Amino acid sequence: MSYFKDIPPIQYEGPDSDNEFAYRHYDPNEVVMGKRMEDHLRLAVAYWHSLAYEGGDPFGGRTFERPWYGDDMAAARVKADAAFDMFGVLNVPFFCFHDADVRPEGDSFAESRRNLEEICDVFADKMQQTGTKLLWGTANMFTHRRWMAGAATNPDPEIFAYAAATVKACMDVTHRLGGENYVLWGGREGYESLLNTDLTREAEQAGAFLTKVVDYKHKIGFKGTILIEPKPQEPSKHQYDFDVGTIYGFLKRFGLENEVKLNIEQGHAILAGHSFEHELALAGSLGLLGSIDMNRNDYQSGWDTDQFPNNVPEVALAYYEVLRAGGFTTGGTNFDARVRRQSLDPEDLVLSHVGAIDICARGLKAAAAMLENGGLEKMRAERYAGWDNEASQAMLKSESLDQIAARVEETNLNPQPRSGRQERLENWVSRFV
Ligand code: XLS
Ligand code: NI
Ligand code: NI
């Protein structure tokens, strides 16, 4: 019997509904800026947090009791049943998974691969029956002890080889399941101590690895997007995919900037000392915005606590940048978020998503209203209007430093500062959120 048998399918009932098991703001069919809300947000449930996470923290182990816990194929099948039941209850169109979330580790690489393929056969049937789609697949190259010093950036070439085989297997099943993206989060691609680390070699290894991944994508005809997910630290002290700007430099260095985009996570942006909207705006400006991992960190603890989002103004500014960049194409909104370890019940698992989905719907609608109103863009355009003429453009393109200097003296240039109007803009945003 389904683990979620006591929970009704969640439907849109509108803001006045008193039903806990209903969406108040997420109406998949509501049209926002010419597109159905479901097609804007492209929501996904993360298998690792909702199905694989057992409630542990650094001070204590499992708190949850789920009928699918176990490390054999039978348990993996029960887990898959529960997963698709949950996707159905939530009416969420996508899911995401790592190999290690869905299958037991085998005694050999080949056995692990076969386990993965077998469970993906189960997924294929369920996806066919339910219409649920795969937003992205990925490889867990950080939990097992073999990965403790990294995967592609490991000092041991045998680990590099194992990582290559692992990613190939995960790309193969992602491709077979019609996945729309393939994600690489560099779980332990970084270092614990600079004292034992050769930065030059590790960067070369990472570049060679990613080049092989991109080549393989083309070889098998995978039409999805390869995405890198930035994170500055945790689990490593320092991670190479620190933030959007760092990855852009890495991609340029290895000539991959037109092949790879980014999966940007709220909590990781904060860990890097940025806001989510900063990372999204920068990725948008560099043409690298692919997909998002939606969550939030605890504001005090300073860790990647992967909580569900619950702040509309923050989420609105994030979607504003997504919409400004043209919205998602292959990407979407993956809830890289888990319930707290005291939230034991199936209801907690479902309602955490329900609340977060409503927050995203409100954020999206506010973002669309801001963009449609155009106020922010108008004020921004006015602020830079001085550049919209030939003379200013000529200064950028052709005038030399000494020519500019001569002109400054000839015309007795005396520029006057103008207000940046920050508070007025903040007031304007507040009208919408
Ligand atoms: C961990 C990451 C991870 C990736 C997928 O911090 O967010 O969950 O999204 O490997
Ligand atoms: Ni993530
Ligand atoms: Ni994360």
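Source: prediction; values computed, not measured. In each ligand, atom 1 is the first atom listed, and ligand 1 is the first ligand listed.
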At the Ni ion (ligand 3): angle between D304 atom OD2 and H268 atom NE2, to 10 degrees: 90°
Is there a polar contact between ligand 1 and W136, counting only N or O atoms under 3.5 Å apart? no
Between F95 and Y47, what is the ring plane arrangement, given parallel below 30°, perpendicular above 60°, and tilted in between? tilted
Can you tell me, to 10 degrees, how wide the angle at the Ni ion (ligand 2) is between OD2 on D293 and OD2 on D336? 90°
Parallel, tilted or perpendicular for H98 and F142, by the 30°/60° rule? perpendicular
Under a plain distance cut-off of 3.5 Å, with no hydrogens placed, do Q205 and T153 share a side-chain donor-acceptor pair? no
Given the options Y216, F254, F250, F160, F209 meets ring-ring contact (aromatic ring centres under 6.0 Å, His included) only with F160
Do the ring centers of F64 and Y69 come within less than 6.0 Å of each other? no
Nearest protein heavy atom to atom 6 (O) of ligand 1, by residue and atom, and its distance? K231 NZ, 2.9 Å
The atom name of the N, O or S atom in E229 nearest to the Ni ion (ligand 2) is OE2
Once you measure the plane-to-plane angle for W68 and Y3, does it fall in the parallel (<30°), tilted (30-60°) or perpendicular (>60°) bin? perpendicular
Nearest non-hydrogen protein atom to atom 8 (O) of ligand 1, with distance, is D336 OD2, 2.9 Å
Identify the closest protein heavy atom to atom 10 (O) of ligand 1: which residue and atom is it, and at what distance? H98 NE2, 2.6 Å
Does a salt bridge link R77 with D81, judged by any charged N lying under 4.0 Å from a carboxylate O? no
D293-ligand 1 polar pair, N/O distance under 3.5 Å: yes
For the rings on F84 and F123, is their centre-to-centre separation under 6.0 Å? yes
Out of E234, H49, E265, E229, whose heavy atom is nearest to atom 9 (O) of ligand 1? E229
Please give the atom name: the N, O or S atom of E265 nearest to the Ni ion (ligand 3). OE2
Is D306 close enough to the Ni ion (ligand 2) that one of its N, O or S atoms comes in under 2.8 Å? no
Would you say D304 touches ligand 1, if touching means a heavy atom closer than 4.0 Å? yes
